Amino acid sequence: MEIIIQNTPQDAADIAASIIAKLLNEKPNAVLGLATGSTPLPLYKRLVELNLDWSQVITFNLDEYIGLPRDHSQSYHTFMWENLFRHTNIHPSNVYIPDGNTADIPKFCADYEALIIEKGGIDIQVLGIGTDGHIGFNEPTSSLASRTRIKTLTQQTIRDNARFFGTEEEIPHHVITMGIGTIMEARQNILLAFGENKAQAIAEAVEGPIQAINPATVLQMHPNAKFFLDIKSASRLKRKEYYNWVYSNKPEWQKF
Ligand code: PGA
């Protein structure tokens with residue numbers, strides 16, 4: 001695991017963006033796993049500024065609410081097109097986002113898994129983290145080997161996301177999410193977390209035991225996982241100085 005701590009969310013997101021930009025330059029048909037929520041916004045802003053060539057890029061989103069119309073203002077379909085895709089030259093047929101209105105959820109999920117494999121697997125998966133440690137919408141006690149499937153949101157996540165919907169009543173209680181096993185198969189995972197409200201989940205994910213009660217802890221088992229943090233989300237890490245020391249001592253060839 002690499003822990004990269006920057007003063008501001010934008011500083012951290014800019015470094016994460018440079019890693020994605022390098023991938024797209026080296027592999028124009030790269031497969032990206034993408035996330036939604038407030039956290040990836042500075043990353044997407046920077047990626048748009050970099051004016052990259054997305055013409056062959058394939059994307060798979062982590063999750064989607066069940067039952068929201070695709071064009072609902074809070075669907076992750078809308079989020080992705082508004083905040084990233086419409087500012088790029090990505091081909092709409094290369095964009096995969098779970099269909100929250102599918103008639104057959106288990107079949108859809110199995111097909112989504114098969115499609116990720118068919119497209120060559122995910123090169124870089126972008127992740128946020130919930131205040132409860134969820135990645136994707138894999139809530140606490142999700143199997144660490146889980147695959148794409150339906151999940152029920154925790155009441156905590158519903159409260160956290162009420163800010164987007166206005167009221168808790170409007171938030172669907174069910175979602176389709178890539179599983180933790182699916183996320184672990186990405187060749188690289190880039191997790192972003194900003195703000196004091198993520199500090200506890202981050203401290204557990206980085207320095208706590210691996211446990212399903214905080215799904216992000218599983219990333220300790222991933223061979224290429226990077227956490228991009230601002231000083232607030234990093235505030236409860238005990239070994240902060242060490243992570244900063246490692247980052248500032250990176251050999252030249254290893255720098256981002
Ligand atoms: P947020 O959500 O970026 O809106 O804080 C993160 C998440 O739930 O994974």
Side-chain angles (χ1 to χ4, degrees), residues 6 8-10 12-13 16-17 32-47 60-66 68 72-80 82-84 97-98 100 122 124-142 146 148 151-166 168 170-180 182-184 186 189-206 212-219 222 225-236:
Q6 296 290 299
T8 69
Q10 193 64 58
L32 296 179
L34 297 176
T36 51
S38 54
T39 305
L41 288 174
L43 171 70
Y44 296 157
K45 174 174 169 278
R46 182 70 186 137
L47 286 174
F60 285 91
N61 261 79
L62 282 168
D63 44 23
E64 179 58 287
Y65 291 108
I66 289 179
L68 275 194
H72 188 283
S73 64
Q74 296 308 319
S75 78
Y76 288 162
H77 180 273
T78 301
F79 177 98
M80 289 309 302
E82 284 303 312
N83 292 298
L84 179 62
I97 300 173
I122 292 171
I124 293 182
Q125 174 67 57
V126 176
L127 298 169
I129 183 172
T131 57
D132 60 5
H134 70 221
I135 48 176
F137 268 139
N138 295 283
E139 297 285 30
T141 72
S142 285
S146 51
T148 303
K151 282 297 285 182
T152 307
L153 297 179
T154 62
Q155 287 150 304
Q156 176 66 45
T157 299
I158 290 171
R159 278 194 296 274
D160 287 346
N161 287 4
R163 69 188 194 280
F164 300 116
F165 282 80
E168 285 179 27
E170 283 180 54
I171 305 180
H173 290 184
H174 295 102
V175 293
I176 292 175
T177 182
M178 272 187 211
I180 297 176
T182 325
I183 291 168
M184 288 294 281
N189 269 293
I190 287 182
L191 184 145
L192 308 172
F194 307 131
E196 179 63 40
N197 65 333
K198 300 291 172 72
Q200 186 57 32
I202 287 295
E204 288 172 15
V206 176
I213 202 80
N214 179 327
T217 61
V218 76
L219 294 167
H222 194 279
K226 298 181 177 67
F227 280 42
F228 288 90
L229 310 175
D230 68 343
I231 37 179
K232 291 180 180 163
S233 65
S235 60
R236 293 197 202 169

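In each ligand, atom 1 is the first atom listed, and ligand 1 is the first ligand listed. Keep in mind that this is a model prediction, so the values were computed, not measured.
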- [ ] Looking only at protein heavy atoms, identify the closest one to atom 7 (C) of ligand 1 and say how far it is in Å.
- [x] H134 NE2, 3.3 Å
Open item on the list: Just checking F79 against Y65, ring centres under 6.0 Å apart?
Closed with: no
Task: Identity and distance of the protein heavy atom lying nearest atom 5 (O) of ligand 1 - done: K198 NZ, 2.6 Å
Open item on the list: If you define the side chain from C-beta out and look only at heavy atoms, does anything of V218 sit under 4.5 Å from M184?
Closed with: yes
TODO: For the pair S146 (side chain) and I180 (backbone), establish whether a donor and an acceptor sit closer than 3.5 Å, ignoring hydrogens and angles.
DONE: yes
Task: Shortest protein heavy-atom distance from atom 3 (O) of ligand 1, along with the residue and atom involved - done: T39 OG1, 2.4 Å
- [ ] Mind checking whether F164 contacts ligand 1 via backbone (N, CA, C, O), side chain (CB onward), both or neither, at a 4.0 Å heavy-atom cut-off?
- [x] side chain
Task: Subset of ligand 1 atoms that lie under 4.0 Å from at least one heavy atom of G128 - done: 9 (O)
Task: Heavy-atom closest contact (T154 atom, D132 atom, distance) - done: OG1-OD2, 3.3 Å
- [ ] Assess R163 for proximity to ligand 1: is some non-hydrogen atom of it under 4.0 Å away?
- [x] yes
TODO: Just jot down the ligand 1 atoms closer than 4.0 angstrom to any heavy atom of G37, in number order.
DONE: 3 (O), 4 (O)
Open item on the list: Tell me which one of H134, K151, Q156 satisfies side chain to side chain donor-acceptor pair (under 3.5 Å) with E139.
Closed with: H134
Open item on the list: Using modelled atom types and a 3.5 Å cut-off, is there a donor and acceptor pairing between side-chain atoms of S233 and backbone atoms of K198?
Closed with: no
Open item on the list: Geometry only, no angles: is N161 polar-contacting ligand 1 at N/O separations under 3.5 Å?
Closed with: no
Open item on the list: Using a 4.0 Å heavy-atom cut-off, which part of I129 comes near ligand 1: side chain, backbone, both, or neither?
Closed with: backbone
Open item on the list: Check this for me, if you would: do R236 and E196 make a salt bridge, where the nitrogen-to-carboxylate-oxygen distance has to be below 4.0 angstrom?
Closed with: yes
